[in-house]
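Encoded as structure tokens, the structure appears first; notes follow it.
Positions are given from 1 along the sequence. FYI, side chains are in, hydrogens and waters are out, and symmetry mates aren't considered; it's all heavy atoms of this structure.
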Amino acid sequence: MKVIHFCLILIGSTLLNGCFIFAPSPEKTNRESLKKAPYDAIIVPGVPFEGKHWSEAMQMRVQWANYLYKKGITKNIIYSGSAVYTEYEEAKIMALYGEALGIPKEHIFTDPRAEHSTENVYYSYQVAKKQGFKKIALATDPFQLNGMRKFIKKFEFPIDLLPIIKDTLLKQDLSEPQIDPSSAKRANFVSIVDRQSKWQRLRGTFGQHIRWQEEDLKTKHLRKKYADRIEN
């Protein structure tokens, strides 16, 4: 069984790397998406927070969102992420950082459900629809973003891509603002490692735990395939 798990993880990694290798460059993707700006909202996927300081990945995503907002490329930000590997809800932590960087609270939205990248995209899309946002983009690091291209295309989500341009971001002030993370703590937290097997987590990576809205499954084939995971 361990060999099977390893092979599946290797295959999944190979597929994601393949998406990255053959995808357009971040610069080209950005140029195409910026023609459609401003966006009603951008989706910013979360990463674990250990309790004291943001990781480099969180720093880059939060600061890129801040840059896009301050430049008028987006009007709102949807931070996404549950308490997955640590007791802190990733969406709430990023929202606290966003506020500390000067983004008005009324332009910040959160999705606390997502535990995987595919869920970051889908559940944030649900938040966007609820708020009436029409023009939406995914804003994250190029590797994660390219891994989501196929998912977005498969389900025909109206979501554009705004990958982080590192050279642009490094010209900004990337200092970490002070926040009080206590409000983002999840009560009775249990790590995903203790709730799901490696196989279950891999399935989640490929969107197999998503609870769907039927209207988002555009074809009869998809509605039949995911019938047991459509929310009432």
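A distance-only check finds no donor-acceptor pair linking the side chain of T205 to the backbone of H116 [under 3.5 Å]. Listed for the T110 side chain is no donor-acceptor partner under 3.5 Å among the backbone atoms of P112. Under a 3.5 Å cut-off, the side chain of Y69 and the backbone N or O of G102 do not form any donor-acceptor pair. R195 contributes a side-chain N or O that, together with a main-chain N or O of V190, makes up a donor-acceptor pair within less than 3.5 Å. Between the side chain of R229 and the main chain of Q208, a donor-acceptor pair closer than 3.5 Å is present. Of the possible polar contacts, none joining the T140 side chain to the V44 backbone as a donor-acceptor pair under 3.5 Å is found.
M60 CE to L169 CG: the interatomic distance, rounded to the nearest 0.5 Å, is 4.5 Å. The distance from the CD1 atom of I93 to the OG1 atom of T86 is 7.5 Å, given to the nearest 0.5 Å. Here the CD-CD1 distance, from Q144 to I164, works out to 9.0 Å after rounding to the nearest 0.5 Å.
When side chains are defined from C-beta on, Y125 counts as touching P158, because their heavy atoms get closer than 4.5 Å. E119 is not listed as a side-chain neighbour of D111, based on a closest heavy-atom distance of 4.5 Å or more. Side-chain atoms of N120 and M148, non-hydrogen and from C-beta on, never get closer than 4.5 Å to each other. Between N30 and P163 there is a side-chain heavy-atom pair separated by less than 4.5 Å. Using a 4.5 Å heavy-atom cutoff, the side chains of H209 and Q196 are in contact. Counting heavy atoms from C-beta on, the side chains of R149 and P24 come closer than 4.5 Å. Residues N66 and I103 meet the side-chain proximity criterion, which asks for heavy atoms closer than 4.5 Å.
Among pairs with a residue in residues 130-145, those fulfilling salt bridge (charged side-chain N to carboxylate O under 4.0 Å, His left out) read R61-D141, at least two apart in sequence or across chains. Within the structure, the salt bridge (charged side-chain N to carboxylate O under 4.0 Å, His left out) test picks out the following pairs touching residues 32-52 (sequence neighbours left out): E32-K35, K36-D160, D40-K75.
The two residues Y88 and K185 make their nearest non-hydrogen contact at OH-CE, 3.2 Å. The two residues P48 and S55 come nearest to each other via the heavy atoms O-OG, 4.4 Å. Closest non-hydrogen pair, M58 versus V47, comes out as CE-O, 3.1 Å. The minimum heavy-atom distance between I159 and I152, with the atom names listed, is O-CG2, 3.8 Å. Taking each heavy atom of Y123 and R211 in turn, the nearest pair found is OH-N, 3.0 Å.
Neither side chain, E90 nor Y79, offers a donor N or O lying under 3.5 Å from an acceptor on the other. In the model, Y67 has no side-chain atom that pairs as donor or acceptor with a side-chain atom of Q63 under 3.5 Å.
With respect to the salt-bridge test (charged N to carboxylate O, under 4.0 angstrom), the residues E115 and R186 do not qualify.
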Tell me, with the steps shown, if W64 and I42 meet side chain to side chain contact (heavy atoms under 4.5 Å, CB included).
CA-CA 11 Å; W64 182 242; I42 56 170; over 6 Å; no

Y122 vs F155, ring-ring contact (aromatic ring centres under 6.0 Å, His included): CA-CA, chis, key distance, verdict:
CA-CA 10 Å; Y122 182 65; F155 293 98; 8.0 Å; no

